[in-house]
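The structure presented is a predicted model; accordingly, all values stated were derived computationally and were not measured. Convention: sequence-line order gives letters A, B, ...; per-chain numbering from 1.
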There are 2 protein chains.
Amino acid sequence: MLHLTLRQLQVFESVARHLSFSRAAEELHLSQPAVSMQIKQLEEGVGLPLFEQLGKKIFLTEAGREVFRYGSNIGQQLAEAETVLAEMKGLQRGKLVISVVTTANYFAPQLLALFCQRNQNITLSLNVVNREVLIHQLTNNEMDLGIMGLPPEGLGIDAEPFMENPLVVIASPNHPLALEQNIPLSRLAQETFIVREMGSGTRSAMERFFAQHGLALSTGMEMSTDEAIKQAVKAGMGLGVVSMLTVALELETKRLVVLDVDSFPIRRHWFVVHRSGKRLSVVAQAFKEFLVNEAAQLVVA
Amino acid sequence: MLHLTLRQLQVFESVARHLSFSRAAEELHLSQPAVSMQIKQLEEGVGLPLFEQLGKKIFLTEAGREVFRYGSNIGQQLAEAETVLAEMKGLQRGKLVISVVTTANYFAPQLLALFCQRNQNITLSLNVVNREVLIHQLTNNEMDLGIMGLPPEGLGIDAEPFMENPLVVIASPNHPLALEQNIPLSRLAQETFIVREMGSGTRSAMERFFAQHGLALSTGMEMSTDEAIKQAVKAGMGLGVVSMLTVALELETKRLVVLDVDSFPIRRHWFVVHRSGKRLSVVAQAFKEFLVNEAAQLVVA
DNA sequence: TATTATGATAATCTTTTACTTATGCTTCAT
DNA sequence: ATGAAGCATAAGTAAAAGATTATCATAATA
């Protein structure tokens, strides 16, 4: 094994550049013998003379030229590493791995795009998965931050709310209840609901809500995306409970209406989550703060 | 300036590979705290955490991945340097810079070719220059070895003879003296000689020789190569004095003849030279020995 | 809940590193 | 031939590097 130190290479580089021990010593603010010793040790480590002295001039040997070449490469690698790491300390560079729950797909991309726009040179990876998978990723440390509506408890997860997430009842504009006001909650017991699959955060929240109010929920089809629920509701196959954010377009274009049911909307929040105890990178920390401080205004607008 | 040591990188590499401090400690035959400390110091030097611990598993941070990448590159450079240098210690690799005097161009390439053939992986650079330039290169250490017929004295040059270099008088086959035998040296005083330029080794040797024998040399044209002299002599423009080696072909094909002059041939040698005190590389040393031991037989054959 | 595995921390010791100054030797230039 | 320049060598020193063992904290596991 080649035994040498970076210090030796550094001193060697200076000597090779000046072709003078004394000049190198000056440059490095060392005594001349200190330089001689470093070179001597390097030569011992390498096992070959690196300089030859003829008269009062010194020259690089062939071996010296090789060491110079490799030493330069190494120096370059170090310099490059230094700048990259320096950039990572600031916000100039970094990688951010984010997973969001299916529903968040309606607004998360906007936020990420905006954040990346502000901080160039940040590489981003976005995964859209369902709640269960996200929890799995979270416990396995496969991501930096997650966005979800219903953080699991007791799994050592830090969750911070950053935006409202009202759940509303949607119906086709042709639905009998479409124009009514102050619909009593109990009235919904007669209706059929198109719901998300088990394990979905929206589904859980919805079930809990109805249970709390002593209502039996009659579920029709199960859909694995909010998009599918919207289509089914549009087609008049029943009512739906979805996040307000997912139906902005449909409301505007009158494809769907929000029913004015008592106790609705269900008040929930979006949370940014990460495994507790995880040391967030500079970038991750910045993104989290970005969400907490600005996301609410940005998405509304 | 990024402050880190190769030791730190080495330990880091092991930890990153095992994703375990304890495993790395085993591999490196160290105690676990020793590993912890190296990593800690590296992290301090870098200014960023390289690992994060979640539960009892550790993960590389983004910064850690970068350090791993650059560290690997550096390790690779070191390994490559090691093999190259190891090869240079043997004869498996090396570079040889040779300069030869113009006349030696008639036999030096054969020798070099043979040497390279025997020792693959040796890079060779051959310069053909005149005597003055060669001496200049020699004093400036611009080459490893030189081949010349008349080593300068008093310039701190080591010269070792390795092959005979007889100088003969050549003439056109039609020359009046062509068929004569035992031509007295004095007879040459009536002839015109085509000579090499001043500073040429052959020219110097020739002048010295005539002077020693009390003869005035009448010179005609000056030529800067032996080839040109041969052409002029062939054309009947005068006599020439050249190294025997340069006219082998012309003698065989009767384009030229060697005159049988008393005291001729001038007995000289080819010398392999280098600046005295120069540390010859393994390759240069080998080539020098090759010349001294084998060149004579090889070129004759 | 007790055990075990893993890493962090503390105290300590030895060795090596990275220098220094003083001095000597060689070569070049005056 | 004498001085100056340049590198090597020797002796000495303060700091650090690189370990060790012992102990502690934490989290997964049985």
key: Separation of dA19(D) P from His29(B) NE2 (nearest whole Å)   = 12 Å
ask   = Does any non-hydrogen side-chain atom of Thr123(B) lie less than 4.5 Å from one of Glu62(A)?
value = no
message = Check this for me: Lys89(A), atom NZ, are more than 12 non-hydrogen atoms of other residues, nucleotides or ligands nearer than 6.0 Å?
response = yes
task = Using whole Å, report how far CG of Leu9(B) lies from P of dG18(D).
result = 12 Å
key: Nearest-Å distance for atom pair CD/P, residues Glu26(A) and dC19(C)   = 16 Å
task = Starting from P on dG18(D), measure out to CD on Gln10(B) and report it in whole angstrom.
result = 10 Å
inquiry  = Evaluate Asn127(A) against Val133(A) for side chain to side chain contact (heavy atoms under 4.5 Å, CB included), listing each step before the verdict.
reply    = CA-CA 10 Å; Asn127(A) 285 298; Val133(A) 172; over 6 Å; no
Steps toward ring pair (Phe, Tyr, Trp, His ring centres under 6.0 Å) verdict (Phe162(A), Phe290(A)) = CA-CA 9 Å; Phe162(A) 66 92; Phe290(A) 168 72; 9.5 Å; no
ask   = If each of Gln8(A) and Gln32(B) is mapped to the nucleotide of DNA chain C with the nearest heavy atom, which maps nearer the 5' terminus, i.e. the 5' end?
value = Gln32(B)
message = A side-chain contact here means heavy atoms from C-beta on lying under 4.5 Å apart; do Thr102(B) and Thr202(B) qualify?
response = no
task = Give the rounded distance in Å between these two atoms: CD of Gln53(B) and P of dA5(C).
result = 16 Å
inquiry  = What's the closest nucleotide to the side chain of Arg23(B) if the choices are dT21(C), dT6(C), dT17(C)?
reply    = dT6(C)
key: Residue closer to the 5' end of DNA chain C, Arg7(A) versus Lys57(A) (nearest nucleotide)   = Arg7(A)
ask   = Of Glu80(B), Gln76(B), Gln77(B), which meets side chain to side chain donor-acceptor pair (under 3.5 Å) against Asn73(A)?
value = Gln77(B)
task = Please state whether the phosphate of dC7(D), meaning OP1 or OP2, lies under 4.0 angstrom from any side-chain nitrogen or oxygen of Ser22(A).
result = yes
query = Where is the tightest heavy-atom contact between Gly201(A) and Leu150(A), given as atom of each residue plus distance?
reply = O-CD2, 4.1 Å
message = Students often get this wrong, so: under 4.0 angstrom with heavy atoms, is Thr5(B) touching a base, only sugar-phosphate, or nothing?
response = nothing
inquiry  = In this structure, how many angstroms lie between the P atom of dT17(C) and the CG atom of Leu6(A), rounded?
reply    = 14 Å
ask   = dG7(C) C1' sits how many Å from Leu30(B) CG, rounded?
value = 15 Å
note = 5'-most contact on DNA chain D (nearest-nucleotide basis), Arg275(A) vs Pro33(B), goes to Pro33(B)
request  = Might you confirm whether atom CD of Glu153(A) has over 12 heavy atoms from other residues, nucleotides or ligands at distances under 6.0 Å?
outcome  = no
request  = May I have the distance from His18(A) (atom NE2) to dG6(D) (atom P), rounded to whole angstrom?
outcome  = 13 Å
note = the helix from dT1(C)-dA30(D) to dT30(C)-dA1(D): angle between terminal helix axes, five bp per end, to the nearest 10 degrees, reads 30°
Taking only distance into account, with no hydrogens and no angle test, what donor-acceptor pairs under 3.5 Å do side-chain atoms of residues 32-41 of chain B form with protein atoms, sequence neighbours excluded?
from: Gln32(B); atom 1: NE2; to: Ser36(B); atom 2: OG; distance (Å): 3.0

query = By a strict heavy-atom criterion of less than 4.0 Å, which residues belonging to residues 35-43 of chain B are in contact with DNA chain D?
reply = Met37(B), Gln38(B)
